[in-house]
Enquirer: 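Here you go, one structure.
Chain A is the first sequence line, chain B the second, and so forth, proteins listed ahead of strands; every chain is numbered from 1.
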Number of protein chains: 2
Amino acid sequence: MHRDPDPSAACTHAHCDVIDAEAVQSRARSYAASKGTRFTPTRQRVLALLAATGKPIAAYEIAEKLSGSRKVQAVQVYRALEFLQEAGCVHRLASRSAFFACDHRHGEGETVVFMVCSQCGAVQEAASDLVARGLRGAAKTTGFRPRHPMIEVEGECAKCAGESVS
Amino acid sequence: MHRDPDPSAACTHAHCDVIDAEAVQSRARSYAASKGTRFTPTRQRVLALLAATGKPIAAYEIAEKLSGSRKVQAVQVYRALEFLQEAGCVHRLASRSAFFACDHRHGEGETVVFMVCSQCGAVQEAASDLVARGLRGAAKTTGFRPRHPMIEVEGECAKCAGESVS
DNA sequence: GGGTGTAATGTAATGTTATAACGTATGGCG
DNA sequence: CGCCATACGTTATAACATTACATTACACCC
Ligand SMILES: [Zn+2]
Ligand SMILES: [Zn+2]
Ligand SMILES: [Zn+2]
Ligand SMILES: [Zn+2]
């Protein structure tokens, strides 16, 4: 997600950009250190799966994919996801009740837009100052104090839009 | 929701603005007429409840509240909500999986911001052209074709913010 | 090494939100 | 009335998420 397409990338999935697994893992690791907690194997496995998948997937899907001889229960996945979201490595997409990895370092108070392709499901992120200003303006007229904006736009990514035209 | 506060309004709930039930019902009625469908009693009851409640409530909560001698099943509520959303009388709040009535007439392609108070749960709506432009700008940089934006901002409404200060 | 306390996990059950399937009823229309 | 589409009633199930509680793993100190 949210990286320039790289034709040489190891992704076999035409519509999924790959995220920087190294970067995102190291972020999780330092978050854990800063909180006196651990970046445990389960958390690592969930994050690695999300990073490799490159688009939003459901928690139960993660549980299934990680289940081998030992079955991974949904509750374990939710626990890992909670940690990873706090660490800023993973976002939840409310419109789909799905989770995806993010290798951005979002600044505090940054207003991020999730653009979700209705064809392939891939998500692109973009920070927009203009949107942020618009939200502040909208809030001002009613005296509302904005805290946590959530912006999800459904549409078609460049690849899918291109294909449907051809 | 989304009306100027009116101290003379019949709302006993300090934090819930009341919506124009008449207007919203007539909108549902004309939508039904235009589609050759009906604004049936169940649909009327769901809409009336939402209008009177003035803030988002869950589908199962609607079912409970409407249940008297005859129990109203969730599936009936979801069916009514589907109709009402198509009619533009009701929105779904993804961040809370809840539904609320709306007496706005949103223009086609209008970008609406839902501002949800984390204290009292009330929702205010505002259309923002600036946000719309921001979204178009963000989309442009990646070639994304936006279709259906969904913008939900959590924060504190003027009333609750005022109270917490005092 | 052994004791202690917190973080994390395992396991089972339950809660919450949403839809599928299918037969019945209703209402408009010719 | 007979037909057709819409809507409803009922049951079941899918999909998403959390609670509760017993147990284990780990860092820390002695
Ligand atoms: Zn991100
Ligand atoms: Zn796509
Ligand atoms: Zn509205
Ligand atoms: Zn409030």
Enquirer: Starting from the 5' end of DNA chain D, give me the residue, Lys35(B) or Gln73(B), whose nearest nucleotide shows up first.
Expert: Lys35(B)
Enquirer: What is the distance from atom OG of Ser118(A) to atom NE2 of His148(B), rounded to the nearest 0.5 Å?
Expert: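 Here the interatomic distance stands at 7.5 Å.
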Enquirer: Applying the side chain to side chain contact (heavy atoms under 4.5 Å, CB included) test to Ile19(B), which of Val24(B), Leu50(B), Thr53(B) qualifies?
Expert: Val24(B)
Enquirer: In residues 81-97 of chain A, which ones come under 4.0 Å of DNA chain D, going by heavy atoms?
Expert: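 Within residues 81-97 of chain A, the residues near DNA chain D are Arg92(A), Ser97(A).
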Enquirer: Start at the 5' end of DNA chain C and walk down; is the nucleotide closest to Ala98(B) or to Lys71(A) reached first?
Expert: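 Counting from the 5' end, the first nearest nucleotide belongs to Lys71(A).
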Enquirer: Are Ile151(A) and Val112(A) side-chain neighbours, meaning at least one heavy-atom pair lies under 4.5 Å?
Expert: no
Enquirer: Within less than 4.0 Å of OP1 or OP2 of dA8(C), is there a side-chain N or O belonging to Arg43(A)?
Expert: yes
Enquirer: Please encode protein proximity along nucleotides 20-30 of chain C as a string of B, S and -, counting only heavy-atom distances under 4.0 Å.
Expert: BB-----S---
Enquirer: Nearest whole angstrom, please: distance from the P of dG10(C) to the CG of Leu66(A).
Expert: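 Spelled out: CG on Leu66(A) to P on dG10(C) is 12 Å.
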Enquirer: What range of DNA chain D does chain B touch, first nucleotide to last, counting atoms under 4.0 Å from its heavy atoms?
Expert: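 Under 4.0 Å from chain B, the extent on DNA chain D is dT6(D) to dT11(D).
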Enquirer: What closest approach, in Å, do Phe39(A) and Gln25(A) show between heavy atoms, and which atom pair accounts for it?
Expert: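 Nearest heavy atoms, Phe39(A) then Gln25(A): CE2-O, 3.8 Å.
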Enquirer: Does Arg133(A) use its side chain to pair, donor to acceptor, with the backbone of Leu130(B) at less than 3.5 Å?
Expert: no
Enquirer: What pair of heavy atoms forms the shortest contact from Arg45(A) to Val72(A), and how long is it?
Expert: NH2-CG2, 3.7 Å
Enquirer: What is the distance from CD of Gln76(A) to C1' of dA8(C), rounded to the nearest Å?
Expert: 10 Å
Enquirer: When you compare the side chain of Thr111(A) with that of Ser128(A), does any pair of heavy atoms fall below 4.5 Å?
Expert: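 They are not in contact (no side-chain heavy atoms under 4.5 Å apart), so the answer is no.
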Enquirer: Evaluate the ring planes of Phe114(A) and His91(A), with Trp represented by its six-membered ring, and classify them as parallel (under 30°), tilted (30 to 60°) or perpendicular (over 60°).
Expert: tilted
Enquirer: Has Thr40(A) got a side-chain N or O lying under 4.0 Å from the OP1 or OP2 atom of dT9(C)?
Expert: yes
Enquirer: Taking atom types as modelled and ignoring hydrogens, do the side chains of His106(B) and Glu125(B) form a donor-acceptor contact shorter than 3.5 angstrom?
Expert: yes
Enquirer: Does a side-chain heavy-atom distance below 4.5 Å link Arg79(B) with Thr42(B)?
Expert: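 No, their side chains stay 4.5 Å or more apart.
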Enquirer: For a quick check under 3.5 Å, do Ser95(A) and Glu152(A) share a side-chain donor-acceptor pair by atom type?
Expert: yes
